[in-house]
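Presented below is the structure to which this report refers.
Position 1 is the first residue of the sequence, and the numbers go up from there.
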Amino acid sequence: QVQLVESGGGLVQAGGSLRLCCAASGRTFSNYAIGWFRQGPGKEREFVAAITRSGARTQYTDSVKGRFTISRDNPKNTVYLQMNSLKPEDTAVYYCAASGLFILTNERRNYYGWGQGTQVTVSS
């Protein structure tokens, strides 16, 4: 099974940018769609973005459309989440996870191999 490790979080002012990385080891990375989720203080873990195995298709939650971009580099076994125009409400622990489905999905139950998360804090 694939193992995932997130990195790239930090403290940034509102309007700033961060790029998160999700590095994979284990089974063939290109066999998995990858999703990013986040969990803010006192909130449920929510879907942020997902990308298909080849990277040809992506999906975003409405609140990040136009600000976040998900991409992948299969030879490097890495998925990225470029986050621009960050807002205080983006503050959360961000997680990546893998899905064996051929379609994009925003449902947590379809993902596994969760990493430990990386903290993103956006100050106002």
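No side-chain heavy atom of Arg67 sits under 4.5 Å from any side-chain heavy atom of Tyr60.
In this view, Val2 and Leu4, Ala24, Tyr32, Ala98 satisfy the side chain to side chain contact (heavy atoms under 4.5 Å, CB included) rule, not counting sequence neighbours. With sequence neighbours left out, the ring pair (Phe, Tyr, Trp, His ring centres under 6.0 Å) criterion links Phe29 to no other residue. The side chain to side chain contact (heavy atoms under 4.5 Å, CB included) check on Arg57 picks up Thr52, Leu104, with sequence neighbours excluded.
The backbone N or O of Asn31 lies less than 3.5 Å from a partner atom in the side chain of Arg53, making a donor-acceptor pair. A donor-acceptor contact shorter than 3.5 Å is absent between the side chain of Gln119 and the backbone of Gly10. Put simply, the side chain of Thr91 gets close to the backbone of Val122: a donor and an acceptor are under 3.5 Å apart. Looking only at distances, no side-chain donor or acceptor of Gln82 sits under 3.5 Å from a matching main-chain atom of Ile70. Remark: side-chain polar atoms of Thr118 are paired, donor with acceptor, to backbone N or O of Gly9 under 3.5 angstrom.
The number of heavy-atom neighbours closer than 6.0 Å to CD of Gln13, taken from other residues, nucleotides and ligands shown, is 12 or below.
Interatomic distance, OG1 of Thr69 versus CG of Leu81, reported as 8.0 Å (0.5 Å rounding). Rounding to the nearest 0.5 angstrom, the gap separating the CG atom in Asn77 from the SG atom in Cys21 is 13.0 Å. Distance CD/Glu89 to NZ/Lys43: 8.0 Å, rounded to 0.5 Å. Note that the CZ atom of Phe102 and the OG atom of Ser54 stand 11.0 Å from one another [nearest 0.5 Å]. Between Cys22 atom SG and Arg72 atom CZ the span is 9.0 Å, to the nearest 0.5 Å.
When all heavy atoms of Glu6 and Cys96 are compared, the pair lying nearest together is OE2-N, 2.8 Å. Annotation for Ser124 and Ala14: closest pair CA-CB, 4.4 Å, computed over non-hydrogen atoms.
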Q) Between Arg108 and Arg45, does a side chain to side chain contact (heavy atoms under 4.5 Å, CB included) hold up when you go through it step by step? A) CA-CA 8 Å; Arg108 280 183 58 186; Arg45 192 171 300 188; 3.7 Å; yes

Q) After noting the C-alpha distance and the side-chain angles of Leu18 and Leu86, does the key distance pass the side chain to side chain contact (heavy atoms under 4.5 Å, CB included) rule? A) CA-CA 8 Å; Leu18 283 174; Leu86 282 161; 4.2 Å; yes

Q: Show the numbers, then the answer: is there a side chain to side chain contact (heavy atoms under 4.5 Å, CB included) between Leu20 and Trp36?
A: CA-CA 10 Å; Leu20 305 185; Trp36 282 99; 3.7 Å; yes

(Q) Assess the residue pair Gln39 and Glu46 against the criterion (side chain to side chain contact (heavy atoms under 4.5 Å, CB included)); give the C-alpha distance rounded to whole Å, side-chain angles, the decisive distance to 0.1 Å, and a yes or no. (A) CA-CA 6 Å; Gln39 188 165 12; Glu46 64 173 356; over 6 Å; no

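Residues Arg19 and Tyr80 bring no donor and acceptor atom of their side chains to less than 3.5 Å of each other.
For the pair Asp90 and Lys87, the salt-bridge criterion is not met [side-chain N within less than 4.0 Å of a carboxylate O].
Sorted by first and then second residue, the pairs that involve residues 96-107 and meet side chain to side chain donor-acceptor pair (under 3.5 Å), not counting sequence neighbours, are Thr105-Asn110, Glu107-Arg109.
Its side chain within the 4.5 Å cluster rule, Phe47 clusters with Phe37, Val93, Tyr95, Tyr111, Trp114 among the Ile, Leu, Val, Met, Phe, Trp and Tyr residues. Listed by chain and number, the hydrophobic cluster partners of Leu101 are Ile103, where partners are ILVMFWY side chains within reach of under 4.5 Å, directly or through others.
Using a 4.5 Å cut-off between side-chain heavy atoms of Ile, Leu, Val, Met, Phe, Trp and Tyr, with links allowed through other members, Leu11 and Phe68 fall into different hydrophobic clusters.
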